[in-house]
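Before any comments, here is the structure.
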Amino acid sequence: MSNSELTLLDVVFGYENGRRLFNGVNVTVRSGQLLLVYGPNGSGKSTLLKLMAGLLKPQAGAVLLNGTFVGNRHFSKIGYVMQRAEDQFFCESVFDEIAFSARNFGFHDVDELVKEALAEVGLGHDVLEKSPFQLSEGEARRVAIACALVHKPLLLLLDEPLIGLDRIGRQMVQDILKKQKQAGKIIVVTSHRSDNLRDLADVFLTL
């Protein structure tokens with residue numbers, strides 16, 4: 001297990017309309033740990049994930065991955081899953097969807113990496129030629145997670161991964177997260193319900 005660390009130091013962020021979302025967020029999460037970010041709709045959970053992913057910059061403070069400011073050079077070390085899986089899909093097949101990140105970051109053996117990622121989320125090869133837009137909600141969520149895992153990131157960010165899923169779908173996602181914790185990933189998950197994923201969480205942040 002690697003010794004990686006994500007740290008937010010006095011992070012401040014607000015919008016141009018003057019609305020302040022965060023005024024000094026401090027939290028640290030390490031390899032093999034899951035940070036559960038809890039808050040109602042509109043509290044800034046998705047925005048906080050984008051700051052962690054380097055898609056937004058804090059107005060003050062710092063977001064650090066292994067001691068360096070998160071930015072473009074870290075993208076290959078970060079897997080990011082949006083709240084709505086279909087919002088991140090743009091390829092014609094599940095295979096190309098999962099393969100995109102591996103190809104984009106210059107990995108070899110893309111076919112093997114796609115199969116490994118698919119196995120990580122408990123899906124069979126029969127979905128590879130399907131359109132990602134024709135999957136069930138549970139399948140789409142797991143494919144989105146496979147897209148985030150295929151390039152072997154250190155940090156896994158998931159925005160409301162259980163929302164809209166039935167009991168079986170939620171359990172499948174929880175099992176995936178448990179396995180990724182055991183593999184040493186740093187995991188950050190948002191939820192609007194405090195009981196979701198509480199048993200898996202090591203660190204808590206309430207917005």
Side-chain angles (χ1 to χ4, degrees), residues 3-90 101 137 140-141 144-145 147-149 151 153-165 170 173-174 177 180-181 185-207:
N3 267 328
S4 296
E5 183 176 276
L6 174 72
T7 304
L8 276 64
L9 294 175
D10 294 322
V11 168
V12 175
F13 186 84
Y15 291 113
E16 291 180 1
N17 63 9
R19 183 186 174 209
R20 179 63 60 84
L21 281 177
F22 314 124
N23 192 19
V25 174
N26 290 279
V27 68
T28 296
V29 56
R30 299 179 174 86
S31 297
Q33 292 185 328
L34 186 148
L35 165 62
L36 178 58
V37 180
Y38 162 72
N41 292 335
S43 61
K45 300 186 300 295
S46 297
T47 299
L48 192 65
L49 280 194
K50 290 176 181 176
L51 288 163
M52 293 177 178
L55 301 174
L56 294 174
K57 301 296 182 186
Q59 293 166 339
V63 180
L64 306 172
L65 182 58
N66 292 337
T68 61
F69 291 98
V70 171
N72 295 354
R73 60 182 173 168
H74 291 96
F75 285 168
S76 65
K77 299 177 181 178
I78 298 172
Y80 179 58
V81 182
M82 295 180 180
Q83 184 176 138
R84 287 165 45 91
E86 58 269 28
D87 288 344
Q88 70 184 71
F89 292 155
F90 58 91
S101 291
E137 191 158 9
R141 192 70 49 82
I145 296 173
C147 293
L149 292 175
H151 58 284
L154 298 175
L155 172 61
L156 187 59
L157 307 171
L158 303 100
D159 197 358
E160 294 275 9
L162 303 185
I163 198 167
L165 300 181
R170 290 195 300 272
V173 171
Q174 289 170 342
L177 295 177
Q180 294 307 312
K181 278 187 62 176
K185 294 279 192 299
I186 302 170
I187 304 174
V188 182
V189 178
T190 68
S191 176
H192 66 286
R193 291 182 52 179
S194 60
D195 57 330
N196 279 348
L197 298 167
R198 179 169 289 275
D199 291 343
L200 278 179
D202 305 281
V203 187
F204 299 87
L205 178 62
T206 302
L207 298 181

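None of the values given here were measured: they were computed from a predicted structure.
The two residues Leu149 and Pro153 make their nearest non-hydrogen contact at O-CD, 3.6 Å.
By the 4.5 Å heavy-atom criterion applied to side chains, Leu162 and Ser191 are not counted as neighbours. The side-chain heavy atoms of Thr68 and Arg73, taken from C-beta on, include a pair separated by under 4.5 Å. Side chains of Phe204 and Arg198 form a contact here, defined as non-hydrogen atoms less than 4.5 Å apart. Lys185 places none of its side-chain heavy atoms less than 4.5 Å from the side chain of Ser31. His74 is not listed as a side-chain neighbour of Leu155, based on a closest heavy-atom distance of 4.5 Å or more. Counting heavy atoms from C-beta on, the side chains of Val12 and Arg20 come closer than 4.5 Å. Contact annotation: the side chain of Leu158 approaches that of Leu177 to within less than 4.5 Å [non-hydrogen atoms, C-beta and beyond].
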Could you give the side-chain donor-acceptor pairs of residues 43-56 under 3.5 Å, partners two or more places apart or in another chain?
residue : atom : partner : partner atom : Å
Ser43   : OG   : Pro40   : O            : 2.7
Lys45   : NZ   : Gly39   : O            : 2.8
Lys45   : NZ   : Pro40   : O            : 3.1
Ser46   : OG   : Asp159  : OD1          : 3.4
Ser46   : OG   : Asp159  : OD2          : 2.5
Thr47   : OG1  : Tyr15   : OH           : 2.7

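Residue-environment remark: CZ (Phe90) exceeds the threshold of 12 foreign heavy atoms within 6.0 Å.
Residue Leu34 holds its CG atom at 11.5 Å from CD1 of Ile186, rounded to the nearest 0.5 Å.
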For this session: Would you please test Leu205 and Leu8 for side chain to side chain contact (heavy atoms under 4.5 Å, CB included) and show each step?
Result: CA-CA 11 Å; Leu205 178 62; Leu8 276 64; 5.6 Å; no

